[in-house]
Number of protein chains: 2
Amino acid sequence: MTKDAEDNDAPPNQPERFQQARAAQAMAILEDYAEMISDLIEEMGEARITDIASRMGVTHPTATKAVARLKREGLAVSRPYRGVFLTDEGADLAERVRARHRTVVHLLVAVGVPPETAEMDAEGLEHHVSEITLKAFERYLDAAAAK
Amino acid sequence: MTKDAEDNDAPPNQPERFQQARAAQAMAILEDYAEMISDLIEEMGEARITDIASRMGVTHPTATKAVARLKREGLAVSRPYRGVFLTDEGADLAERVRARHRTVVHLLVAVGVPPETAEMDAEGLEHHVSEITLKAFERYLDAAAAK
DNA sequence: GTGTTTTTAAAGCCTTGGCTACATTTTTGT
DNA sequence: ACAAAAATGTAGCCAAGGCTTTAAAAACAC
Ligand SMILES: [Mn+2]
Ligand SMILES: [Mn+2]
Ligand SMILES: [Mn+2]
Ligand SMILES: [Mn+2]
């Protein structure tokens, strides 16, 4: 236990953690909207601004702005006064997000979180689960299923 | 299976999930800065703007603004050109955040996430772990420790 | 003690993601 | 067909959280 070692308790990679958390946050809204639009299209054949806004708990101009950003990023398409649809890339993202969301909920329940709480928390948590962590969750759930 | 029933598969509490996730996000930065300031005070006796900025991975004007918000919210105090300190309320928050962060890391590791990844992901995840979920994590870890 | 370096402050710009208020278009009911 | 209602668009406001640039203060070296 040298002086070097004991001084070394301020990890130099700390900034990276925060930068990564901020990057994840920047994706979060895109991900939630993509998933939501996908849900709506599946349930009702199209995703209308009003329904998107209502389910996201925001006003319709806010939903409009989010959709504009999705379009700008190449994830969605729409024409004035018509519904919103996902590009292939957008649909792909939605599918990954949906699967990850489910896995997070399952893991939470598996470690003893009540289902409704798991569903609530997962909405925020999901965006910060890395690929590596997601894979670990899947392995854990598989192992638990195999009892 | 009436028309009414088949229409009814969109849970009405969905907006709440997103609203809660947004609320959690609004707290996230405050929490991280409080914890960081607490760390710095413990390690070096005071928290200087330069050090805060460097560890958070932001420029110093950004750190200054964050500290201004902490002060506005009654979590920190400081005078020009002097270090930043936490109020009782701020120190309290920092302590809870630190404990929660540790618990999240431990749980991730317990389900098979590599420690470094756990540390990275926890920085974002922690802010979306509700009290109920946190308690569930603690129970799970206790049970696992008792083997 | 003076000069240089480091730290902090201050001003101003940008994007995101909320909102309200108002205008326009589409849909619906009769 | 047309009036009323609903949906969508548009403009403009705000706060948060990034940034750069410039100025002032403090700390340090000599
Ligand atoms: Mn979400
Ligand atoms: Mn989700
Ligand atoms: Mn954090
Ligand atoms: Mn943390």
Side-chain angles (χ1 to χ4, degrees), chain A residues 15-37 40-41 44-73 75-85 123-124 127-128, chain B residues 15-37 40 44-85 123-124 127-128:
Chain A
E16 283 173 45
R17 282 165 36 192
F18 294 107
Q19 281 160 355
Q20 159 134 346
R22 288 194 293 269
Q25 194 52 39
M27 274 299 297
I29 285 196
L30 253 9
E31 292 178 346
D32 281 338
Y33 274 89
E35 185 185 0
M36 172 69 56
I37 289 168
L40 285 168
I41 290 174
M44 335 225 218
E46 69 175 343
R48 289 151 69 248
I49 287 288
T50 296
D51 296 333
I52 296 170
S54 140
R55 290 214 189 172
M56 295 295 296
V58 298
T59 58
H60 77 266
T62 298
T64 300
K65 274 216 251 182
V67 168
R69 190 170 160 218
L70 283 174
K71 291 170 74 172
R72 183 152 35 90
E73 308 261 352
L75 298 169
V77 290
S78 77
R79 290 192 343 247
Y81 292 99
R82 290 275 102 77
V84 180
F85 297 91
E123 201 56 74
H127 310 284
H128 300 275
Chain B
E16 283 173 46
R17 282 168 31 195
F18 294 107
Q19 282 160 355
Q20 159 133 349
R22 287 195 294 268
Q25 194 50 39
M27 274 299 297
I29 286 197
L30 256 4
E31 292 178 347
D32 282 336
Y33 274 89
E35 186 186 359
M36 174 67 58
I37 289 168
L40 285 168
M44 335 223 218
E46 70 176 341
R48 287 151 69 249
I49 287 287
T50 296
D51 295 332
I52 296 171
S54 140
R55 291 216 188 171
M56 295 294 296
V58 298
T59 58
H60 62 82
T62 298
T64 300
K65 273 217 252 182
V67 168
R69 190 170 160 222
L70 282 174
K71 291 169 74 172
R72 182 152 35 90
E73 308 262 351
L75 298 169
V77 289
S78 78
R79 291 194 338 250
Y81 293 99
R82 290 277 104 72
V84 180
F85 298 90
E123 202 55 75
H127 310 284
H128 299 275

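Model, not experiment: these values are computed from the prediction. Quick note on labels: first sequence line is chain A, next is B, and so on, each numbered from 1.
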Residues at least two apart in sequence or cross-chain that pass side-chain hydrogen bond (donor to acceptor under 3.5 Å, both in side chains) with Glu35(A), listed by chain then number, are none
Think [X] has a side-chain N or O under 4.0 angstrom from the OP1 or OP2 of [N]?
X	N	answer
Arg82(A)	dG9(D)	no
Arg22(A)	dG17(D)	no
Thr62(B)	dG17(D)	no

Double-helix bend of the helix from dG1(C)-dC30(D) to dT30(C)-dA1(D), axes at both ends from 5 pairs, round to 10°, gives 20°
Its 5'-most and 3'-most nucleotides having an atom under 4.0 Å from a non-hydrogen atom of chain B, DNA chain C is contacted over dT7(C) to dG18(C)
Is there a side-chain contact between [X] and [Y], using heavy atoms and a 4.5 Å cut-off?
X	Y	answer
Asp51(A)	Met36(A)	no
Gln25(A)	His128(A)	yes
His127(A)	Met27(A)	no
Val77(A)	Lys71(A)	no

In 5'-to-3' order, the base (B), backbone-only (S) or no-contact (-) status of each nucleotide in nucleotides 2-7 of chain D, using a 4.0 angstrom heavy-atom cut-off, is -----S
Just checking Pro61(B): base, sugar-phosphate only, or nothing, at a heavy-atom cut-off of under 4.0 Å?
base
By nearest-nucleotide position on DNA chain D, the 5'-leaning member of Thr64(A) and Ile29(B) is Thr64(A)
Of Gly57(B) and Arg72(B), the one whose nearest nucleotide on DNA chain D sits closer to the 5' end is Arg72(B)
Show me the side-chain donor-acceptor pairs of residues 60-70 of chain B shorter than 3.5 Å, one per line, residues at least two apart or across chains.
unit_1: Thr62(B); atom_1: OG1; unit_2: Thr59(B); atom_2: OG1; d: 3.3
unit_1: Thr64(B); atom_1: OG1; unit_2: His60(B); atom_2: O; d: 3.0
unit_1: Arg69(B); atom_1: NH2; unit_2: Ala26(B); atom_2: O; d: 3.2

Applying salt bridge (Lys or Arg N to Asp or Glu O under 4.0 Å) to Arg22(A) and not counting sequence neighbours gives none
